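Since the structure is predicted, the reported quantities are computational estimates derived from the model, not experimental observations. All values below were derived from every heavy atom in this structure, side-chain atoms included, with hydrogens, water molecules and symmetry-related copies excluded.
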Amino acid sequence: MMKMATIKVLIVDDDTIVRRGLRATVDWEKFGMTVVADAPNGKRGWEEFLNHQPDIVITDIVMPEEDGLEFSRKIKAHAPKTKILLLSCHKDFEYAQEGLKLGASGYLLKTVFDDQELNHFLTTFQKEILETPKKVDTDFSGFQECFLLWLSGYKNDFEQQLDELFSDKWKWMNDPYFAYFVQNMPPSGQEIFYQSTKFVALTFGTNLTYFFIDESFHHEFLAHLTETRVAHPDLNWIHAGPLSGKEEWMKSVRGFHHAQRKEGLLHHYPMVILQAVEYIVRNLSNPMTVSDIAEEVGMSRSHLSTLFKKKMGDSIHSFIEKKRLQLSKQLLKGSSVNIQEIGEQIGIQDAKYFSKWFKRCTGFPPSYYRIQQKDDEQLTK
């Protein structure tokens with residue numbers, strides 16, 4: 001007999017006993033479920049959520065660092081179909097009611113925990129999940145970290161992962177599609193996508209989402225965004241298209257991401273600036289001049305320099321230096337890549353010169369910065 005597909009569960013609670021108890025005492029296999037991870041607060045829970053993309057999240061409401069309500073809000077913005085079950089104390093009743101308004105399926109009182117009530121929720125979730133076809137690919141284990149490093153200019157195997165996606169699950173994007181980068185999309189705003197099978201949504205942080213939609217759905221989605229913005233004035237977006245294939249996907253994503261880091265309104269960035277940013281990030285490991293960038297985007301050197309400074313707030317040279325420093329810090333903090341390779345990734349071939357450059361920019365040698373970041377991370381755990 002073919003084994004039934006496993007439903008993934010994430011447990012988030014600051015009480016270790018509660019987490020261990022739920023893992024050990026519930027017959028998860030009975031419901032076709034497995035606990036893929038647990039976490040002590042919403043901040044760590046969000047990391048586990050992005051890593052495992054669970055179908056069900058069981059979370060406490062009151063937790064340090066990030067509470068269950070903010071955690072639930074992020075989940076629903078990223079994956080509206082995720083089932084959320086809140087754990088609450090009597091004094092948290094109003095919070096539980098707020099959680100239901102955010103889209104949680106229900107709550108359990110920890111003070112009078114009822115196994116039958118939990119079993120009822122799990123049975124309901126199992127039925128709903130198995131009967132509802134998934135229209136969004138959620139198999140992104142390791143995808144987030146790889147994607148973010150690639151966006152910052154690090155050369156990894158992300159493009160190979162894209163090759164696989166574009167030859168299989170994303171092959172519809174070899175035909176015309178549109179790319180959107182949206183800030184502050186309310187959870188209800190994503191429901192329109194369940195009218196179409198040809199879309200992909202990738203969310204990062206608490207309020208930034210990349211949407212890729214079939215060309216035929218573009219006008220309907222644009223009208224939906226415009227209408228939604230009336231009730232949500234902080235909603236903002238930029239789009240590009242029609243596009244086709246992996247190469248145009250990469251250019252649009254890189255341009256959107258790095259323009260947004262300036263924290264301006266996305267629609268204020270001309271596409272030529274996004275293209276220039278994309279070129280810079282893609283070539284951080286290589287020598288480049290303003291003339292090279294201007295030729296790439298089809299604009300005169302002087303015009304591009306003036307427009308770039310006006311829109312980005314930095315000269316092109318300063319922007320390049322900042323991106324190189326940003327990538328260096330990210331690699332020192334989040335990877336075990338050695339100093340020599342980090343220098344090569346940002347176009348500095350000599351490790352000694354890289355160390356001097358990094359110290360001049362930050363006040364610390366790279367080895368000290370790496371140790372300091374790891375110590376800070378341990379303190380927060």
Side-chain angles (χ1 to χ4, degrees), residues 8 36-37 47-54 78-79 134-181 197-205 208-214 240-261 274-275 277-288 296 323-324 326-349:
K8 295 183 288 186
V36 293
E47 294 173 1
E48 297 294 349
F49 181 88
L50 293 176
N51 185 38
H52 296 283
Q53 299 289 328
H78 177 87
K134 291 185 179 180
K135 295 185 177 181
V136 182
D137 174 32
T138 58
D139 187 16
F140 286 113
S141 298
F143 189 85
Q144 304 286 119
E145 180 181 357
C146 192
F147 185 19
L148 289 174
L149 283 172
W150 173 82
L151 280 174
S152 296
Y154 181 62
K155 291 178 171 59
N156 55 18
D157 67 349
F158 181 71
E159 291 190 32
Q160 285 71 39
Q161 294 187 41
L162 282 181
D163 284 332
E164 295 178 7
L165 287 168
F166 270 82
S167 64
D168 184 17
K169 296 175 182 177
W170 293 3
K171 62 184 179 181
W172 59 270
M173 278 192 276
N174 291 310
D175 295 321
Y177 66 92
F178 276 76
Y180 278 80
F181 191 39
T197 58
K198 291 184 177 180
F199 80 93
V200 172
L202 301 176
T203 296
F204 295 90
L208 300 172
T209 306
Y210 297 91
F211 293 106
F212 306 93
I213 62 176
D214 184 69
L243 311 172
S244 62
K246 184 189 77 171
E247 295 299 324
E248 294 188 355
W249 188 97
M250 293 190 296
K251 287 185 177 182
S252 66
V253 165
R254 271 180 166 149
F256 293 167
H257 173 77
H258 293 285
Q260 183 277 330
R261 291 190 71 87
L274 300 181
Q275 291 170 346
V277 169
E278 190 275 333
Y279 179 85
I280 289 169
V281 174
R282 180 160 44 89
N283 289 280
L284 282 179
S285 60
N286 302 318
M288 75 180 94
E296 173 71 15
K323 298 314 295 182
R324 285 176 168 155
Q326 176 191 329
L327 177 56
S328 299
K329 288 181 175 180
Q330 189 170 356
L331 292 173
L332 286 167
K333 179 180 179 180
S335 76
S336 58
V337 178
N338 62 46
I339 302 299
Q340 176 67 41
E341 186 175 347
I342 293 175
E344 292 173 356
Q345 288 286 334
I346 66 165
I348 300 177
Q349 303 302 318

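Taking each heavy atom of F49 and A79 in turn, the nearest pair found is CZ-CB, 4.1 Å. In terms of heavy atoms, T209 sits closest to A201 at CG2-CB, 4.3 Å. Between G245 and F166 the shortest heavy-atom distance is C-CE2, 3.5 Å. Contact record, R324 with S328: O-OG, 2.8 Å, taken as the closest heavy-atom pair. Annotation for F212 and Y177: closest pair CD2-CE1, 4.2 Å, computed over non-hydrogen atoms.
Proximity of Q345 to L284: side-chain heavy atoms (C-beta onward) are nowhere separated by under 4.5 Å. Residues I342 and I348 are not in side-chain contact: their nearest non-hydrogen atoms beyond the backbone lie 4.5 Å or more apart. For the pair F178/P242, a side-chain contact is recorded, criterion being any heavy-atom separation below 4.5 Å from C-beta on. Proximity of E296 to R282: side-chain heavy atoms (C-beta onward) are separated by under 4.5 Å at one or more points.
Rounded to the nearest 0.5 angstrom, H52 NE2 and E47 CD are separated by 11.0 Å. Atom CH2 of W170 is separated from atom NZ of K246 by 12.0 Å, given to the nearest 0.5 angstrom. Atom-to-atom distance recorded for D168:CG and D163:CG is 12.5 Å, nearest 0.5 angstrom. Interatomic distance, CH2 of W172 versus CG of D214, reported as 6.5 Å (0.5 Å rounding).
The main-chain N or O of Q349 is found under 3.5 Å from a side-chain atom of Q340 such that the two form a donor-acceptor pair. In this structure, N338 contributes its side chain and E341 its backbone to a donor-acceptor pair below 3.5 Å. For N283 (side chain) and Y279 (main-chain N/O), a donor-acceptor pair under 3.5 Å exists by modelled atom type.
Checking V200, L162, N174, L243 one by one against W249, the side-chain contact (heavy atoms from CB on, under 4.5 Å) holds for a single residue, L162.
No donor-acceptor contact under 3.5 angstrom links the side chains of Q326 and K329, judged on distance only.
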